[in-house]
There are 2 protein chains.
Amino acid sequence: MAQAQQGRRGSYAKGIAKREEILERALEVIAREGYRGASVKELAEAVGLSQAGLLHYFDSKEELFTEILRKRDEVDLAHYAPADGPAAPPFPADLDLIPTYLELIRHNAEVPGLVQLFSRMAVDAADPSHPAHAFFLGRSAALRAVFAEALTKLQDDGRLTTAIDADTLARIFQAVADGLQVQWMQDPDVDMAGTMSALFDALSTTPTQTQR
Amino acid sequence: MAQAQQGRRGSYAKGIAKREEILERALEVIAREGYRGASVKELAEAVGLSQAGLLHYFDSKEELFTEILRKRDEVDLAHYAPADGPAAPPFPADLDLIPTYLELIRHNAEVPGLVQLFSRMAVDAADPSHPAHAFFLGRSAALRAVFAEALTKLQDDGRLTTAIDADTLARIFQAVADGLQVQWMQDPDVDMAGTMSALFDALSTTPTQTQR
DNA sequence: GTCTATACTCGGATAGAC
DNA sequence: GTCTATCCGAGTATAGAC
């Protein structure tokens with residue numbers, strides 16, 4: 001009960017490496033092959049294990065998929081946060097946040113399965129009793145906090161409208177991103193990054209365009 | 001094969017009235033009691049029928065729930081389109097569209113179950129093989145068209161920014177609305193209408209506020 | 001640690017009586 | 001037209017062999 005268990009429940013140092021490996025493989029597979037209400041069995045086979053073998057590392061299906069999303073944030077953060085100290089996931093509080101975010105959105109368009117998984121879970125996890133509920137609340141708040149900070153700086157520099165407070169703006173950008181994902185899933189011709197960018201430009205006070 | 005069948009498949013004039021009645025009851029029940037992955041059986045009992053009895057009127061679960069959403073648009077349209085000729089669902093092309101839309105958003109906050117159902121289906125129906133795929137594509141496009149028309153008028157009147165074309169603006173408003181719904185489901189404190197309204201104001205060129 | 005096999009549950013669909 | 005009863009498939013979880 002008191003020993004150091006840094007993984008999740010019941011996993012000792014031994015298993016956690018494999019766990020991470022599984023999650024990375026899962027990310028690749030889902031990104032490439034898509035997610036259509038995937039079952040544990042399907043994912044297990046894609047990852048090279050039996051269903052029971054996979055569930056050996058995770059307590060339940062919900063935990064498994066939640067961890068996949070967490071891992072996704074982890075790799076995205078590592079990739080899009082060039083110089084990082086202990087920055088708050090899923091994004092660093094750096095200044096060039098908007099272009100970086102647009103880059104990430106462009107990247108998302110390359111991994112439809114992950115977008116599907118995320119959107120699906122976001123809806124399901126709205127139920128407070130869902131295992132991923134806390135994860136989404138926390139992630140969502142963290143994302144907005146980082147955004148709000150960056151947007152405040154832009155407002156202070158006179159580069160962004162002050163007609164809306166930064167917190168609300170952060171919420172709006174988040175909503176647009178999430179909403180565009182759904183539209184894009186339904187119609188892949190939708191230009192998520194371009195639309196986001198257009199909104200940002202329209203709310204900017206300088207004639208400068210965001211570099212796309 | 002040639003006789004007039006105005007309902008869906010295999011339902012003759014007799015059944016369609018009951019069908020509509022069922023859908024109305026379903027709307028009430030879901031709005032009030034919420035939707036958490038509801039099964040046909042649950043809904044059937046809430047509506048006063050057995051599972052088999054309910055499926056007598058609908059070919060499948062997916063068709064049933066799609067029809068519920070369609071009915072929802074129908075009653076919303078009837079309620080929020082005061083004087084209507086043959087206007088395009090789910091909204092009339094009238095001028096006071098923005099305040100009306102805000103009203104509808106406020107109304108949505110009163111019927112969480114319907115929002116959950118809609119969001120869930122919107123994600124699932126992203127799959128082109130989903131029975132509701134076409135419904136969502138059509139609805140979405142129709143909504144944007146109505147919006148784009150109204151927004152164009154506002155731009156022509158010099159009351160709205162011309163930094164973004166009306167079509168893109170329509171898409172943005174749609175995305176914000178959808179995204180805010182997800183945020184609101186996760187955290188009911190989120191003020192959907194207020195946030196939408198703030199964005200609209202910020203994109204307006206006149207100092208006038210939208211009447212909330 | 002990983003597998004096979006199985007138990008169990010749930011939910012949608014269908015057959016057939018009334 | 002509506003019910004009861006049943007079937008069937010899917011999917012998760014678990015037991016137990018290796």
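First the proteins, then the strands, lettered A, B, ... as listed; each starts at 1.
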* Asked: Do B/R171 and B/D167 sit within salt-bridge range, that is, some charged N less than 4.0 Å from a carboxylate O?
  -> no

Between atom [atom1] in [X] and atom [atom2] in [N], what is the gap in whole Å?
{"X": "A/D59", "N": "D/dT12", "atom1": "CG", "atom2": "P", "value": "15 Å"}
{"X": "B/Q51", "N": "D/dC8", "atom1": "CD", "atom2": "C1'", "value": "13 Å"}
{"X": "A/L54", "N": "D/dT14", "atom1": "CG", "atom2": "C1'", "value": "15 Å"}
{"X": "A/K61", "N": "D/dT12", "atom1": "NZ", "atom2": "P", "value": "4 Å"}
{"X": "A/E45", "N": "C/dC3", "atom1": "CD", "atom2": "P", "value": "10 Å"}
{"X": "B/H56", "N": "C/dT14", "atom1": "NE2", "atom2": "P", "value": "14 Å"}
{"X": "B/L55", "N": "D/dA5", "atom1": "CG", "atom2": "P", "value": "18 Å"}
{"X": "A/I22", "N": "C/dG1", "atom1": "CD1", "atom2": "P", "value": "11 Å"}

* **Partner of A/Y101 under ring pair (Phe, Tyr, Trp, His ring centres under 6.0 Å), chosen from A/F147, A/F200, A/F173, A/Y80** => A/F147

* Are any of B/K41's side-chain N or O atoms less than 4.0 Å away from OP1 or OP2 of C/dA13? -> no

* Asked: Starting at the 5' end of DNA chain D and moving along, which residue's nearest nucleotide shows up first, A/A52 or A/G37?
  ->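 So the residue in question is A/G37.
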
* Asked: Where do A/F118 and A/F136 land on the ring pair (Phe, Tyr, Trp, His ring centres under 6.0 Å) test, with the steps shown first?
  -> CA-CA 10 Å; A/F118 178 88; A/F136 274 95; 5.4 Å; yes

* Would you mind telling me which of C/dG12, C/dT4, D/dT2 lies closest to the side-chain atoms of B/Y57? => D/dT2

* Asked: Which nucleotide in the set D/dT4, C/dC3, C/dG12 lies at the smallest distance from any side-chain heavy atom of A/S50?
  -> C/dC3

* Got more than 12 heavy atoms from elsewhere within 6.0 Å of NZ, A/K71? -> yes

